[in-house]
Amino acid sequence: MTDLFSLPPATAEPRLHIARRTLEQLRSVPELAHRYAGSGAPRTLDDLAALPALDKDGLNTALAHLAPRADRGAGATWLFQSGGSTGAPKVGYAPTGFYMAGVHARWQPLERDDVFVNAWGAGRMWGAHFLAAALADLSGCRILAVGSVATEEYADWLAFFAAAGVTAIGGTPSVLRLWFAHARAAGLELPALRKVLWLGEAWQPQLDADLAAVAPRARRWGMFGSTETWVVGTNTPDCPADTFHTLPEQLVHVGAEDLLDFTTLNPDMLNPVLRYRTGDAGTLLACPCGRPGAAMRVLGRRDSVVQVRGLGLDVDGVVARAEREPGVSRAQLVITELRGRVATVDLLLLTAPGGPPDTERLRKDLLSATFTLSTAFQHDPESFRVRRVDELISNGRTGKTAALVVREGA
C-alpha cells in the first residue's frame, strides 16, 4: 500500500509524529472522537492509510472546537471561502506568511526583476491573494495588487500593464480568462509578459489559445492546494498542467476510487489535516519533465456529480460538451430549486464574437445524449434550457466562476 503515497516510507515515517499529534487533536473534538476510537497511533504508512478519511465538514467542526493559534506572529485568523465559489464563509487559520517560505524554497517562478500583477481577488479575505503576495514578497519583485475590476475598466488596466512592462500575472484560470479575453477583444498585447501563475481551479486549455494571441512568450506556473491544506504541490512550464510535484511537508495518498487525501507533515500547520479529502481524484506517476520522485496527477473532481430529481448529473461532462461547441468560450450550469426539488436547469453560454451556437440544437443534443437530463425532464423538457449570456455568474468575493451554481427560486 505504501506505493500509493507520494513519499517513500524511509522519508515519511520518521515524520509521522506530526500525524500522531494531529490525531490526538481530532480525538479531543467531542463530535469526532468516536470516529477515531478504534484507531491506533500511526507509525507506518499502512497505519496511516487505515485511519478514517476527513472531509470538509469534519475539518470545519474540528477548527471550530480547536481554534488553533500560531506560536509566533498574529496567527492570521481570517475568513475564507469553504467550498470554492459557492460555499459559506468560514474562519480559517494560518500563520503569518501563509506557509509560503517552504514553497518558495523549492519553487521560484518570480524573480527580483519581475513586475507581477496579483489578480487574485482580495475582497472578503479569500486567502489566495495574500498567499500570492507572500510569494512575491519572498521573491523581491515589484507587485501590482489589482483586486476586482469592472468590465469597462479592463482595457485601461491592460494598457497600463503593457506600459508598465508587466512580466508576470497570477490568478484563478477563470479570472485570467477574463483578462485575456478582454485583451483579445480589444486587440491588445502584453509583449513583456513571460509568466502566468495560477491556483484555485484547474488550468483551462482555452487559456493556451488566449496566451498565444495576447502574450506568446508567456508560460504557465501552477500551484495545487486548498484553503485547508494550503499549497500541496507546484509545477513548471515543463510539466503537464494537471501534474504537480508535491512538497515534502505534504503527504499525498491515493485511496479508493482514486480519491486523493492529504496529511500534513509540517509541524507549523494549524489546520488538523489528517487524510483530508478535497474531492479530487488523482494518481502518482513520473512527471514527463524528468524531475525525480513521484508527482501527483490530478484527474478531476469526484464531487462534480449532483442529484437532479433523483439522478446523478455529471456537471463537468455537460460543461465540457458545451465548451466544445464552436463559438462557446465558457459554459456554466445553473440549477434552480423550489422547496428542495430541482425546478429548472439552465446551461449558460458565454459566446465568442462571430460564432454564436445554435442553442436549440445543443439543447436537443444534450437531452438526447444525457440520460439524466432526458429522464429527469421527460415530462417537462422545457425546464432544461440553453441560453447565451453576456456574463456568467461569478463569486464577488473570490472572482471565481464555478461550473455549477445552485440557487433557490421564488
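All of these numbers come straight from a predicted model, not from anything done at the bench.
For the pair L63/Y93, a side-chain contact is recorded, criterion being any heavy-atom separation below 4.5 Å from C-beta on. Two residues are said to be in side-chain contact when any heavy atoms from C-beta on lie closer than 4.5 Å; D258 and T283 fail this criterion. Looking at S329 and Q206, their side chains never come closer than 4.5 Å, going by heavy atoms from C-beta outward. Residues R309 and Q378 have side chains not in contact (no heavy-atom distance under 4.5 Å, counting atoms from C-beta outward). Put simply, the side chain of H17 does not reach to within 4.5 Å of the side chain of P267, judged on heavy atoms. Side-chain contact check for L51 versus P42: some heavy-atom pair is nearer than 4.5 Å. Side-chain contact check for L251 versus S6: some heavy-atom pair is nearer than 4.5 Å. For the pair L135 and F116, the minimum side-chain heavy-atom distance is 4.5 Å or more.
Remark: side-chain polar atoms of E323 are not paired, donor with acceptor, to backbone N or O of A320 under 3.5 angstrom. Judged purely by atom type and a 3.5 angstrom limit, W157 has no side-chain atom pairing as donor or acceptor with the backbone of V149. At least one donor-acceptor pair under 3.5 Å links the side chain of E201 to the backbone N or O of S174. Of the possible polar contacts, none joining the W203 side chain to the D208 backbone as a donor-acceptor pair under 3.5 Å is found. Side chain of T370 to main chain of L367: no donor-acceptor pair is present (N/O by atom type, distance under 3.5 Å, no hydrogens or angles). Not a single donor-acceptor pair under 3.5 Å links the side chain of R184 to the backbone N or O of E189. Of the possible donor and acceptor atoms, one in the side chain of N271 sits under 3.5 Å from a partner among the backbone N and O of E228. Of the possible donor and acceptor atoms, one in the side chain of S226 sits under 3.5 Å from a partner among the backbone N and O of T229. Looking only at distances, no side-chain donor or acceptor of R291 sits under 3.5 Å from a matching main-chain atom of C287. Of the possible donor and acceptor atoms, one in the side chain of T263 sits under 3.5 Å from a partner among the backbone N and O of R275.
Listed here is the closest heavy atom pair of G200 and T172: CA-CG2, 4.4 Å. Of all non-hydrogen atoms in V315 and A403, the two that sit nearest each other are CG1-O, 3.9 Å. Of all the heavy atoms in P357 and R388, the pair that sits closest is O-NH1, 3.2 Å. Pairing each heavy atom of A168 with each of L110, the nearest pair is CB-CD2, 3.6 Å.
Residues W179 and F161 place their aromatic rings such that the two centres sit under 6.0 Å apart. The aromatic ring centroids of F262 and Y276 lie 6.0 Å or more from each other.
A salt bridge is absent between E337 and R407: the closest approach of a Lys/Arg side-chain nitrogen to an acidic carboxylate oxygen does not fall below 4.0 angstrom. Ion pairing between a basic and an acidic side chain is recognised when a charged N comes within 4.0 Å of a carboxylate O; K195 and D114 show such pairing. E360 has a carboxylate O that lies under 4.0 Å from a charged side-chain N of R363, or vice versa, which qualifies the two as a salt bridge. Using a 4.0 Å cut-off between charged side-chain N and carboxylate O, R321 and E325 make a salt bridge. A salt bridge links R385 to D346: at least one charged side-chain nitrogen sits closer than 4.0 Å to a carboxylate oxygen. Salt-bridge check for D238 with R219: passed, with a basic side-chain N closer than 4.0 Å to an acidic carboxylate O. Looking at E13 and R43, no side-chain N of the basic residue comes within less than 4.0 Å of a carboxylate O on the acidic one, giving no salt bridge.
From T243, atom OG1 reaches atom CG of L285 across 5.5 Å, with rounding to the nearest 0.5 Å. Residue D261 holds its CG atom at 12.0 Å from CG of D55, rounded to the nearest 0.5 Å. Taken from OH in Y154 to NE2 in H182, the straight-line distance is 6.0 Å, to the nearest 0.5 Å. Put simply, CG on L373 and CG on D365 are 12.0 Å apart, with the number rounded to the nearest 0.5 Å. Atom-to-atom distance recorded for L188:CG and F180:CZ is 12.0 Å, nearest 0.5 angstrom. Separating the CG atom in L211 from the CD1 atom in I169 is a distance of 9.5 Å, to the nearest 0.5 Å.
Donor-acceptor pairing under 3.5 Å is recorded for the side chains of T151 and E391. Inspection of the T401 and Q332 side chains reveals no N or O donor paired with an N or O acceptor under 3.5 Å. Between the side chains of D280 and T278, at least one donor N or O sits under 3.5 Å from an acceptor N or O.
Within a 6.0 Å sphere centred on CD of E382, heavy atoms belonging to other residues, nucleotides or ligands number more than 12. By the 6.0 Å contact criterion, CG on D390 is open, its count of non-hydrogen atoms from other residues, nucleotides or ligands being 12 or less.
Contacts of R297 classified as salt bridge (Lys or Arg N to Asp or Glu O under 4.0 Å), with partners at least two apart in sequence or in another chain: D242. By the salt bridge (Lys or Arg N to Asp or Glu O under 4.0 Å) test, R220 pairs with no residue at all, sequence neighbours left out.
Classification of the Y99-W230 ring pair by plane angle, with boundaries at 30° and 60°, yields tilted.
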Exercise. Given L193 and R217, is the side chain to side chain contact (heavy atoms under 4.5 Å, CB included) satisfied, shown in steps?
Worked result: CA-CA 7 Å; L193 188 66; R217 297 175 61 198; over 6 Å; no

